[in-house]
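Notes follow once the structure below has been shown.
Please read all numbers here as calculations on a predicted model, not as lab measurements.
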Amino acid sequence: MISVPGHHGLRSSSSLLSTLRSASRSSRSITSVAASTWLPRRTSARSRAPAAGAAAHRALSASHPSSLRTPQWSPIALLGAPQQVRHLNRACGLVGYPNVGKSTLFNAFVGSTVAAAENFPFCTIEPNNVKLGVPDERLEQLAKTCGALKVVPGTVEIRDIAGLIKGASSGAGMGNAFLSQIRGVQVILHVVRCFSNADIIHVEDPVNIDPVKEYESILEELIIADLEMADRRLPALRKRATNNREAEKLLPVYENVLKVLQAGRPARVALGGLGGGVPSNDDFLTQLITAKPVVVLANVSPEDAATGNAYSERLAKHIADSEAAAMAEFASQDAAKGSKTAAGDASCPLAARRCVVVSAPLEAEVAALDDEEFQKEYLESYGLKEGLRALPRVLAEGQSLLGLISYLTVGEQEARAWFVPKGSRAAEAAGAIHSDFVKNFEQADVWRYEDIVRLGGKAACKKEGLVKHKGKDYEVQDGDVMEFRIKGGRS
């Protein structure tokens, strides 16, 4: 373990930051970017640089299993391999080539070494799953204003899925098993290697990195996997359409999906006309991997975390250009039909690919530091303004692409965010608290978050007549502060 002596009781300084950065660079030069270790809480994290080597962590965790730090976004529950429930699934899956930093990012999310992160391909076999709270500044302010004892954020699930390689659709690298795991998530977090390092294994070339080729190789495998599934499923879907009105209505969409996949393009191109997105109860469309929204994570070295590099810029441009071309094609087809379903609408599947620059090793190093203020200073030393991590932004992107908004509740015990699908009615939103609230719903009392903060509490808003009383069909807005009246009680 690398230690920084002689600074006990002192605030962090530029010299300490320099020492830590030098130590972390030394650590990264001899270990995989996919290998991250974690500090025991026996001393302040300011007295140590992140340790090097997965073996060192295993020894530490064996002798101090309860000493690993509590992460800033603590896991609500570690899961095995839960059965997918399509209507409630809030899972985001980390996918990409082996050794691009997926497990390192997953561990940074969690704040401890849950996923194996070694410098060899396929060190992850079974998916690692965790539910994480999405940071929301409104909750902190609401708790402070109303005197709540704790804050409980809304949660999304992150799954670390093993690496895919070229040929995965035909079984290469255990590809078939991994592809089935990807079908079980709602949002894909596609990690692409955007750094060159001969010491870190890559399935093609660790030095002459081509992020666009890597991205397209994975996309090609996903398209082939979807095409094989569509070929299998379409005969039965055509037969069902002969005596099922809903299936008959969607059959042209199914046929268009097959046509698009046969042309080597993602299924989302065929789904732009759906406007509101893929129906959640469609057992064919929901299983299409290339119909899922995607956040592309350009994984760069820590030194490039603030501005990105030539690799990440090239990747971002490629994604933007391909998305713009698909948008233009869809708009042209839309106009020919005389339709006004805008391809630029955020609800359009074509608009659901985004690129975020992230540094997995830097995020892992920061996750191992106890002191939040020192975390901020450490990030600022890498040029990240205001010491902001990339991971909260990734979580927020996941929430957005899942189509979720949050309403808030606050009382003496807690301020809590509840995620519900955008467009949810008041009675449906009440069901997020307890399913019985849906059938026993009577009324929703709604405050504006801004009014509560400005006036100093819910009671003050009542005095000013700023509480709205809404029925079951009220469409919940993001940031609404709500209380529900139900038969026989109140939420």
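Remark: the backbone N or O of Leu94 is not paired with any side-chain donor or acceptor of Arg159 at under 3.5 angstrom. The backbone N or O of Glu428 lies less than 3.5 Å from no partner atom in the side chain of Lys472, so there is not a single donor-acceptor pair. Checked by atom type and distance alone, the side chain of Arg425 pairs as donor or acceptor with a backbone atom of Asp473 at under 3.5 Å. The backbone N or O of Ala267 sits less than 3.5 Å from a side-chain atom of Thr290, completing a donor-acceptor pair. With hydrogens and angles ignored, the 3.5 Å screen pairs no side-chain donor or acceptor of Asp480 with any backbone N or O of Val476. Checking side-chain atoms of Gln375 against main-chain N and O of Leu369 turns up a donor-acceptor pair under 3.5 Å. A distance-only check finds no donor-acceptor pair linking the side chain of Asp160 to the backbone of Phe106 [under 3.5 Å]. For Ser312 (side chain) and Gly308 (main-chain N/O), no donor-acceptor pair under 3.5 Å exists by modelled atom type. Asn309 places no side-chain N or O within donor-acceptor distance of the main-chain N or O of Asp304, the cut-off being under 3.5 Å.
Taking CZ from Arg393 and OG from Ser400, the interatomic distance works out to 13.0 Å, rounded to the nearest 0.5 Å. If you take CD on Glu303 and CG on Leu362, they are separated by 8.5 Å, rounding to the nearest 0.5 Å. Of the inter-residue distances, the one linking Glu397 atom CD with Leu402 atom CG reads 11.0 Å to the nearest 0.5 angstrom. The distance from atom OH of Tyr215 to atom SG of Cys194, rounded to the nearest 0.5 Å, is 12.5 Å. Atom NZ of Lys239 and atom CG of Asn244 lie 13.5 Å apart (nearest 0.5 Å). The distance from the OG atom of Ser322 to the NZ atom of Lys317 is 10.5 Å, given to the nearest 0.5 Å.
The shortest non-hydrogen separation linking Asp226 to Ile289 is OD1-N, 2.9 Å. Closest of all the heavy-atom pairs between Ala298 and Cys355 is CB-SG, 4.4 Å. Smallest separation of non-hydrogen atoms from Lys292 and Arg268: O-NH2, 3.1 Å. In plain terms, the two heavy atoms of Phe195 and Val100 that are nearest each other are CE2-O, 4.4 Å. Ser196 and Ile209 get closest at one heavy-atom pair: CA-CG1, 4.0 Å. Between Gly423 and Glu475 the shortest heavy-atom distance is CA-OE2, 3.7 Å.
Proximity of Glu363 to Val358: side-chain heavy atoms (C-beta onward) are separated by under 4.5 Å at one or more points. Residues Leu227 and Leu258 form a side-chain contact, since some pair of their non-hydrogen atoms from C-beta on lies under 4.5 Å apart. Between Ile188 and Ile182 the shortest side-chain heavy-atom distance falls below 4.5 Å. Side-chain contact between Ser359 and Tyr382: absent, with no pair of heavy atoms (C-beta onward) separated by less than 4.5 Å. With contacts defined as side-chain heavy-atom distances shorter than 4.5 Å, the pair Arg416/Leu408 does not qualify. Counting only heavy atoms from C-beta outward, the side chains of Leu189 and Val296 never approach each other to under 4.5 Å. Looking only at side-chain heavy atoms (C-beta outward), Thr155 and Val134 stay at 4.5 Å or farther from each other. Looking at Asp136 and Ser406, their side chains come closer than 4.5 Å, going by heavy atoms from C-beta outward.
A donor-acceptor contact closer than 3.5 angstrom links the side chains of Thr409 and Trp418.
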**Report entry** Full working for side chain to side chain contact (heavy atoms under 4.5 Å, CB included) between Val187 and Val294
**Finding:** CA-CA 6 Å; Val187 173; Val294 178; over 6 Å; no
Apply side chain to side chain contact (heavy atoms under 4.5 Å, CB included) to residues Val366 and Leu379 and explain how you reach the verdict.
CA-CA 8 Å; Val366 172; Leu379 288 166; 3.6 Å; yes
message = Run Asn129 and Ile158 through side chain to side chain contact (heavy atoms under 4.5 Å, CB included) and show every step you take.
response = CA-CA 6 Å; Asn129 307 323; Ile158 304 294; over 6 Å; no
- Query: Given Leu105 and Leu297, is the side chain to side chain contact (heavy atoms under 4.5 Å, CB included) satisfied, shown in steps?
  - Reply: CA-CA 10 Å; Leu105 272 175; Leu297 304 180; 3.9 Å; yes
List the steps, then state whether ring pair (Phe, Tyr, Trp, His ring centres under 6.0 Å) holds for Tyr407 with Phe484.
CA-CA 12 Å; Tyr407 72 86; Phe484 299 103; 5.7 Å; yes
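A salt bridge is absent between Lys131 and Glu157: the closest approach of a Lys/Arg side-chain nitrogen to an acidic carboxylate oxygen does not fall below 4.0 angstrom. Taking a cutoff of 4.0 Å between a charged side-chain nitrogen and a carboxylate oxygen, Arg238 and Glu255 qualify as a salt bridge. Using a 4.0 Å cut-off between a side-chain N of Lys or Arg and a carboxylate O of Asp or Glu, Asp478 and Arg138 qualify as a salt bridge. A salt bridge between Arg193 and Asp210 is absent, with no side-chain N of the basic residue lying under 4.0 Å from a carboxylate O of the acidic one.
Judged as a salt bridge (charged side-chain N to carboxylate O under 4.0 Å, His left out), and not counting sequence neighbours, the contacts of Arg240 are Asp283.
Under the ring pair (Phe, Tyr, Trp, His ring centres under 6.0 Å) criterion, the residue pairs touching residues 284-306 are Tyr254-Phe284, with sequence neighbours excluded.
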